[in-house]
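Working notes, beginning with the structure itself.
FYI, side chains are in, hydrogens and waters are out, and symmetry mates aren't considered; it's all heavy atoms of this structure.
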Amino acid sequence: MSNHKRLKSAALVAAVLVGGACSETSLRNPNAPEQGDYFTAITSRSQLQQAATGLLDGDRVTNGTQILFFETIGRDLVRIDPAESRYVTRLLGASLSNSDFIGNSIWNAPYRTIRGAGALIRAVDAGTIAEAPLTAQEKSAVKGFARTLQAMEYQRVWEARERNGIAIQTNSTAPVPLVCPAVALPYIAALYDSAATDLRAAGTIGSFPFILPGGFRGFTSPANFLKFNRGMAAKIAMYRGFEPNRIAADTADPTSATEDVAQLNRALALIDSSFYVEPTSRLQLATGVYHFYASGSGEQSNPLVDLNVFRVNQRVLIDSVRARKDTTIAGRDTTIFRLMFVTRAEPGDLRIQEKVDTASSNSRKTISGIGSRFLIRTPGAPSSPLAILTLEELTLMRAQINYGLGNYAEALRLMNIIRTLNGLPAKTALDFGGFVTATNRRDFLIAILTEKRFSLLAQSPSRMIDYRMHGIRLLLGVERNNAPIARFPIPNNEAAARLNQIPGLAGIPSCT
């Protein structure tokens, strides 16, 4: 059986209902699970393989959904589907419903994976594999893998809900309270660190006691998987480092900001512990961890591949140049216009050439006032992978973090590495007024985020997250006369199960 088919056949291994009365153990019957259908112990390596690949398939589904939804809110993609207009009317609307499939997304699937990972950890401890018992190091490797997946799922839920709150799972069958970012982010950071401790305890074993799919090539040993773990943990530290910006100006257009320097320095240290190396070639930028897809029977295809409905938002290529007016130059009362920032693609950008089909012969499709003729080149096939974390993203994260620390020269150098490797000329400090004023500082941030836009186009949910995190969400621009949505709601069923005892409702204080 191929890795893809293992993933598909084991998709329900981790499917334990959130807040339900089911035991948190590995599934004995993944096709029709009921309360009595759960293993209390892992007793064979085939069960272990099913559990591991089932967890990864759960994240694979969530990853594709998150990219589509967040890239739409971020004004990069649009699903123009005559059979389902809510991909436009909701995601580019004024708000999301907490009772339809979009507002409910990025909740149940991540929590099934979280609960299944906890089940795997307990089942490995409880069981003995007679034909080839797991060593102590192998058990540590399994736990490090499972806890990393748990942290990733919590991260995805937080990225979607943010100050609407997330649930931290326990063994209780009762709904748990929702927690705000001040609790959620440290918890996720600690979970990544706990996973890292397990992975280190695995020692020097050459591989996990199960097979990882092809997208994890180069990260199939606990030691190398740890580098992936550290890169993902760096995102959480970066979120915490810039969180004061979001608190201070969630919907404003700030000209200054304050960062948590300790968290940003931690983010840099975590990147240094990841698979980061300074890239020297464009091919090297793609180094990283991916979810693979396939088109065969029983497989899962790349969720963004249908060119009949998917388009690149035309704003990727035609977003306007903003200008700043200076009225006093060298003591003279003179009015000039200085370039502020560019958020559209530049001529010669190899990323656009690779990812976007701009042919004038493409038919334009329109729905609910949104239209585009720009097709997605990649993913261009049902088997095209989607990235989880790449060297290109880590490099731009380093630039972003150095910006936050005031290390502008280093941030500019890192940003220019990405620009030059992608066929664009390097920028200089003079392009940003020498980083002198608070307004110039924001211009520089926009420049970094614009590089992230094109490097991660249709591959990452980061654009929407970044703009919200930095308190500049409105700069994503208006679509259909609406400002960009800030966060997803708590699903209606979840709110009802908690008697609406969620942040901001029923007398519960809102998250800051």
Side-chain angles (χ1 to χ4, degrees), residues 14 16-20 24 55 58-59 61-63 65-66 69-70 73 95-99 102-118 146-195 232-233 235-243 246-247 250 263 461-462 464-466 468-469 473 485-506 508-512:
V16 185
L17 295 178
V18 178
E24 293 184 16
L55 294 178
D59 184 68
V61 171
T62 302
N63 185 54
T65 299
Q66 187 182 16
F69 288 2
F70 284 31
I73 295 171
S95 63
L96 293 175
S97 169
N98 70 347
S99 61
I102 292 180
N104 273 287
S105 69
I106 317 175
W107 186 272
N108 286 341
Y111 280 117
R112 283 196 295 268
T113 302
I114 289 167
R115 190 165 287 245
R147 289 194 171 104
T148 298
L149 264 292
Q150 284 183 318
M152 287 171 58
E153 301 315 294
Y154 279 123
Q155 180 173 333
R156 294 194 191 282
V157 177
W158 181 86
E159 287 169 345
R161 263 74 194 187
E162 196 234 4
R163 69 179 187 182
N164 281 343
I166 71 169
I168 302 298
Q169 275 295 355
T170 67
N171 291 337
S172 171
T173 58
V176 297
L178 301 181
V179 299
C180 295
V183 174
L185 289 174
Y187 179 86
I188 299 169
L191 189 53
Y192 273 123
D193 287 348
S194 179
M232 294 299 292
K235 285 191 176 185
I236 298 298
M238 182 178 72
Y239 295 161
R240 298 175 72 184
F242 287 117
E243 180 69 0
R246 197 276 306 157
I247 292 173
D250 180 48
Q263 286 298 326
S462 66
M464 175 266 206
I465 298 165
D466 282 338
R468 182 185 64 194
M469 174 180 70
R473 176 168 55 89
I485 290 167
R487 56 194 66 84
F488 280 53
I490 302 301
N492 183 60
N493 289 342
E494 291 292 332
R498 293 171 172 81
L499 302 179
N500 282 327
Q501 297 293 299
I502 60 178
L505 292 179
I508 306 297
S510 298
C511 295
T512 57

Notebook entry, point to check: Of all heavy-atom pairs between A117 and A146, which one has the smallest distance, and what is that distance?
Noted result: CB-O, 3.5 Å
Check: Quick one: does N104's side chain get under 4.5 Å of E494's, heavy atoms only?
Finding: no
Next item on the list: Output all residues satisfying side-chain hydrogen bond (donor to acceptor under 3.5 Å, both in side chains) with Q150, sequence neighbours left out; order by chain, then residue number.
Entry: none
Check: Residues two or more places apart in sequence or in another chain: which of them pass side-chain hydrogen bond (donor to acceptor under 3.5 Å, both in side chains) with S97?
Finding: S99
Margin query: Is there a side-chain contact between T148 and M232 in this structure, where contact means two heavy atoms from C-beta onward sitting under 4.5 Å apart?
Written below: no
Notebook entry, point to check: Excluding sequence neighbours, so at least two apart, what forms side-chain contact (heavy atoms from CB on, under 4.5 Å) with N164?
Noted result: R161, R487, I490
Margin query: Are D466 and M238 packed together at the side-chain level, in the sense that at least one heavy-atom pair is separated by less than 4.5 angstrom?
Written below: yes
Next item on the list: Supply the atom-to-atom distance N98 CG to N492 CG, rounded to the nearest 0.5 angstrom.
Entry: 4.5 Å
Item checked: Heavy-atom closest pair, residues C180 and P503 -> SG-CG, 4.4 Å
Notebook entry, point to check: Out of curiosity, I502 CD1 to L178 CG, how far, rounded to the nearest 0.5 Å?
Noted result: 6.5 Å
Notebook entry, point to check: Do the non-hydrogen side-chain atoms of Y239 and I465 ever get within less than 4.5 Å of each other?
Noted result: yes
Note to self: Walk me through whether M152 and N63 qualify under side chain to side chain contact (heavy atoms under 4.5 Å, CB included).
What the structure shows: CA-CA 10 Å; M152 287 171 58; N63 185 54; over 6 Å; no
Check: side chain to side chain contact (heavy atoms under 4.5 Å, CB included) between I485 and L96: does it pass, once the steps are laid out?
Finding: CA-CA 8 Å; I485 290 167; L96 293 175; 3.7 Å; yes
Notebook entry, point to check: Listed by chain and number, what are the side-chain contact (heavy atoms from CB on, under 4.5 Å) partners of I168, not counting sequence neighbours?
Noted result: Y154, I166, V179, Y187
Note to self: If I compare all heavy atoms of T113 with all of G58, which pair ends up nearest, and what's the gap?
What the structure shows: OG1-CA, 3.6 Å
Note to self: Does any part of the side chain of I106, heavy atoms only, come nearer than 4.5 Å to the side chain of F70, both counted from C-beta?
What the structure shows: yes
Check: For the atom pair CG (D59) and CD (Q155), what is the distance rounded to the nearest 0.5 Å?
Finding: 10.0 Å
Check: Shortest non-hydrogen contact from A486 to R468?
Finding: O-NH1, 2.9 Å
Check: What is the distance from atom OH of Y111 to atom OG1 of T62, rounded to the nearest 0.5 Å?
Finding: 11.5 Å
Check: Considering only heavy atoms from C-beta outward, does the side chain of R240 approach that of P186 to under 4.5 Å?
Finding: yes
Notebook entry, point to check: Are the side chain of R147 and the backbone N or O of L191 linked by a donor-acceptor pair below 3.5 Å?
Noted result: no
Check: Would you say the side-chain atoms of R498 pair up with the backbone N or O of V176, donor to acceptor, closer than 3.5 Å?
Finding: yes
Checklist line | Separation between OG of S462 and NZ of K235, rounded to the nearest 0.5 Å | finding: 6.5 Å
Next item on the list: Scan residues 178-194 for pairs that pass salt bridge (Lys or Arg N to Asp or Glu O under 4.0 Å), counting only residues two or more places apart or in two chains.
Entry: D193-R230, D193-R266
Margin query: Going by salt bridge (charged side-chain N to carboxylate O under 4.0 Å, His left out), name the residues that satisfy it together with E243, two or more places apart in sequence or in a different chain.
Written below: R246
Checklist line | Test ring pair (Phe, Tyr, Trp, His ring centres under 6.0 Å) applied to F488 and W107, step by step | finding: CA-CA 10 Å; F488 280 53; W107 186 272; over 10 Å; no
